[in-house]
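Following: one structure in structure tokens, then a few remarks.
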2 protein chains.
Amino acid sequence: MLKEERQNYILDKIREKNKVKSNELAIELNVSEDTIRRDLNQLSHNGLILKVHGGALSTHQKLYQYNESTIFNRENKIKLAKKAISLLKDGQVIIMSGGTTNLELSRLIPQNLKLTVYTYSLPIAMQLTEHPSIEVFIIGGKINKKALVTVGVNVIKILSKIKADICFLGTSGIDLNEGITEVGYEVSFVKRVMIASSDNVVSLVTSDKLNTTQRYPICDLNEIHKIITDLDPDDPKLHPYIKRGVEVL
Amino acid sequence: MLKEERQNYILDKIREKNKVKSNELAIELNVSEDTIRRDLNQLSHNGLILKVHGGALSTHQKLYQYNESTIFNRENKIKLAKKAISLLKDGQVIIMSGGTTNLELSRLIPQNLKLTVYTYSLPIAMQLTEHPSIEVFIIGGKINKKALVTVGVNVIKILSKIKADICFLGTSGIDLNEGITEVGYEVSFVKRVMIASSDNVVSLVTSDKLNTTQRYPICDLNEIHKIITDLDPDDPKLHPYIKRGVEVL
DNA sequence: ATATAATTTGCGAATTTTTGCAGGGTTTTT
DNA sequence: AAAAACCCTGCAAAAATTCGCAAATTATAT
């Protein structure tokens with residue numbers, strides 16, 4: 001059994017029972033108590049559990065807990081999100097698409113900012129509810145289980161009536177010629193409308209997506225106002241985009 | 001065997017077993033462990049798997065994880081939810097309110113049941129997305145951060161247009177004289193409408209809520225068709241409700 | 001088809017990670 | 001206060017990993 005596998009087992013057990021005992025785990029997992037203790041100490045050090053004499057306890061009392069480790073390239077996404085947050089001002093109306101970059105963004109919004117946020121992503125809506133001064137609206141509709149977003153004509157109808165200051169567009173493909181492109185068919189419709197409803201379109205792009213194209217076209221490069229990446233704004237990879245007149249942060 | 005072929009094999013195995021070990025793969029695929037490690041590193045670099053010491057794990061873990069142990073009285077809620085599930089049949093349209101009882105219910109729905117579920121609760125919508133054959137619709141609107149449900153006129157407008165077979169009503173107060181009552185002001189409006197839209201109104205009541213009243217009235221006892229509790233159906237506490245003509249499961 | 005370039009693979013040696021154990025200290029229980 | 005259970009440290013063995021390099025394979029160009 002792999003170490004991480006064992007630690008996941010421990011975390012699951014704590015989620016369910018609220019506590020674990022070292023001696024029991026040692027037997028269940030067929031390793032020495034020393035190993036269990038080392039596991040518990042590591043998990044505790046990462047803030048995932050609370051180590052106590054004889055075992056460990058759950059730390060969180062939230063009904064749903066977001067799982068950091070599943071996010072690919074999280075460090076870069078955080079770096080990117082921090083830049084995006086500098087655009088926010090009190091009183092603004094924001095539209096956010098789905099995706100883990102926007103999810104990180106929504107975790108990092110300063111507590112004192114007062115915003116109104118529309119989103120069609122379940123995880124993002126969920127995350128935003130933890131913020132004390134954001135009014136969160138989720139746009140209803142049929143849920144796409146894979147992306148955890150709502151899709152369909154109703155989503156489009158509602159989005160098209162919104163007037164937003166900024167739209168944060170999680171981007172799955174961006175290219176000089178093809179513009180912004182998207183993996184999901186249904187989602188592509190929704191994204192086009194959210195762009196149309198926003199004064200300021202901000203494309204959030206992790207650098208691995210630069211110069212890639214996906215199946216469904218969303219919009220031309222000149223329809224977006226800003227690109228934010230995890231790279232330094234004067235990284236050579238971004239030069240061609242700047243030349244095309246897009247502001248790059 | 002081509003490299004790509006080998007990597008697909010690895011991905012398939014991870015999809016199936018959720019983990020792989022380098023040494024096992026080396027034997028299965030008849031290549032050196034070095035090659036396997038290089039494969040795993042490449043796949044991991046592309047975000048397809050998570051490389052760990054000794055092998056790799058699936059990245060397709062849940063973004064949000066639900067903390068079972070935070071639910072009060074969970075055992076009873078599960079007992080109750082199991083009874084509720086016996087009412088479900090293929091092809092039905094269901095409306096579910098919020099609350100942890102309905103959340104447990106949504107976790108327990110058998111995988112093969114085909115349903116259409118409308119809900120205005122974020123956690124329940126989230127949970128239902130894990131079910132393979134349920135079409136999930138979330139009703140959009142402003143989110144009440146405490147209850148994690150949407151509220152407002154739009155929710156009511158949409159709910160009133162739905163025609164559902166069953167409505168599962170999480171119940172915060174039930175009483176012979178006062179009928180069903182609710183803690184939340186905004187939520188009380190929504191619940192009244194969901195009752196009106198359903199052929200069959202099922203009140204889910206944990207026994208500690210029996211004979212209690214909350215601030216906002218929802219409906220009279222005779223407007224609900226079934227009461228489901230964690231108690232035995234012929235528990236004396238339930239006799240008065242049966243006498244009043246409500247079916248008790 | 002042949003030569004050339006590029007990629008992929010396996011190997012050995014050095015390094016790192018993981019694990020169990022022994023010893024001695026600390027906390028909890030009796 | 002003694003006994004038991006638990007915890008930490010350092011250590012050593014086993015397993016896994018990394019790295020450079022050369023051989024083998026595959027791709028590309030002529």
Side-chain angles (χ1 to χ4, degrees), chain A residues 1-60 67-76 207-208 210-213 236-237, chain B residues 1-61 69:
Chain A
M1 181 177 238
L2 302 166
K3 187 180 105 172
E4 281 73 9
E5 202 184 353
R6 202 177 51 229
Q7 297 194 348
N8 284 334
Y9 178 96
I10 295 174
L11 287 174
D12 279 343
K13 184 164 181 189
I14 289 188
R15 248 190 295 280
E16 186 177 342
K17 313 267 188 197
N18 227 345
K19 68 166 182 188
V20 289
K21 291 199 211 172
S22 310
N23 54 1
E24 291 176 1
L25 283 173
I27 297 168
E28 281 170 48
L29 296 168
N30 201 32
V31 290
S32 73
E33 283 193 44
D34 289 87
T35 302
I36 296 295
R37 264 192 289 278
R38 273 186 281 246
D39 284 340
L40 296 181
N41 282 330
Q42 281 169 28
L43 296 171
S44 168
H45 199 259
N46 295 335
L48 299 170
I49 63 173
L50 181 69
K51 176 83 185 70
V52 295
H53 194 93
L57 301 173
S58 164
T59 47
H60 8 62
N67 194 346
E68 313 186 334
S69 64
T70 63
I71 292 179
F72 179 62
N73 244 196
R74 180 152 178 263
E75 297 311 312
N76 288 341
S207 50
D208 54 321
L210 279 173
N211 308 316
T212 67
T213 67
K237 291 197 200 97
Chain B
M1 176 177 250
L2 283 81
K3 185 177 121 182
E4 198 182 325
E5 203 178 337
R6 201 177 52 230
Q7 296 196 349
N8 283 331
Y9 178 94
I10 295 174
L11 287 175
D12 281 343
K13 184 163 181 190
I14 288 191
R15 251 190 294 277
E16 192 189 343
K17 313 255 188 195
N18 268 325
K19 70 152 184 182
V20 290
K21 291 203 214 171
S22 310
N23 53 2
E24 291 176 359
L25 282 173
I27 297 169
E28 282 169 47
L29 295 169
N30 200 34
V31 290
S32 74
E33 282 193 43
D34 288 79
T35 302
I36 295 296
R37 265 192 286 277
R38 275 185 278 246
D39 285 340
L40 295 181
N41 281 327
Q42 280 169 28
L43 295 171
S44 171
H45 199 261
N46 295 332
L48 299 170
I49 64 173
L50 182 69
K51 176 81 185 71
V52 297
H53 193 95
L57 299 174
S58 163
T59 47
H60 195 39
Q61 287 168 17
S69 57

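All values below were derived from every heavy atom in this structure, side-chain atoms included, with hydrogens, water molecules and symmetry-related copies excluded. Nothing here was measured: the structure is a model prediction, and the numbers come from that model. We name chains A, B, ... by the order of the sequence lines, and we start the count at 1 in each one.
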Rounding to 0.5 Å, atoms CG (B:L50) and OG1 (A:T70) come to a distance of 10.0 Å
Q | Residues B:E24 and B:K13 bridged, charged N to O under 4.0 Å | A | yes
Whole-Å distance, A:K21 NZ to D:dA4 C1', equals 14 Å
A:N41 vs D:dC8: side-chain N/O to OP1/OP2 distance below 4.0 Å
yes
Q. Counting just side-chain N and O atoms, does A:K51 come under 4.0 Å of either OP1 or OP2 of D:dC7?
A. yes
Whole-Å distance, B:E5 CD to D:dT26 P, equals 12 Å
Using the 3.5 Å cut-off, write out each protein N or O paired with an N or O of nucleotides 13-18 of chain C and the distance between them.
from, atom 1, to, atom 2, distance (Å)
C:dT18, OP1, A:K3, NZ, 3.2

A:R37 CZ to C:dA22 P, in whole Å, measures 14 Å
note: B:I27, atom CD1; D:dA16, atom P; distance rounded to Å ~ 10 Å
A:E24 atom CD is separated from D:dA5 atom P, nearest whole Å, by 14 Å
**Request:** State, yes or no, whether a side-chain contact exists between B:T35 and B:R6 at a heavy-atom distance under 4.5 Å.
**Result:** yes
Between A:I14 and A:L57 the two heavy atoms that sit nearest each other are CG2-C, 4.0 Å
Note: for A:V52 and B:S22 on DNA chain D, the residue whose nearest nucleotide lies more 5' is A:V52
Minimal heavy-atom distance between B:S58 and B:H60, with the atoms involved, is OG-N, 2.9 Å
B:S32 has its side chain closest, among C:dG10, C:dG20, D:dC7, to C:dG10
All heavy atoms of A:K17 vs all of B:S69, minimum pair found to be C-CB, 4.2 Å
*asked:* If the threshold is 4.0 Å, N to carboxylate O, is there a salt bridge linking A:D39 and A:K3?
replied: no
For D:dC6, does OP1 or OP2 lie under 4.0 Å from any side-chain N or O of A:N23?
yes
Rounded to whole Å, CD1 of A:I36 lies from P of C:dT19 at a distance of 9 Å
Separation of C:dT19 atom P from A:E33 atom CD, nearest Å, is 15 Å
Of A:G54 and B:M1, the one whose nearest nucleotide on DNA chain D sits closer to the 5' end is A:G54
A:L40 CG to C:dT19 P, in whole Å, measures 13 Å
Nearest heavy-atom contact between A:A56 and A:I49 is CB-CD1, 3.6 Å
Are any protein N/O atoms closer than 3.5 Å to N/O atoms in nucleotides 10-14 of chain D? If there are, list each pair with its distance.
none

Please confirm whether the backbone N or O of B:L2 pairs with a side-chain atom of B:E5, one donor and one acceptor, at under 3.5 Å? yes
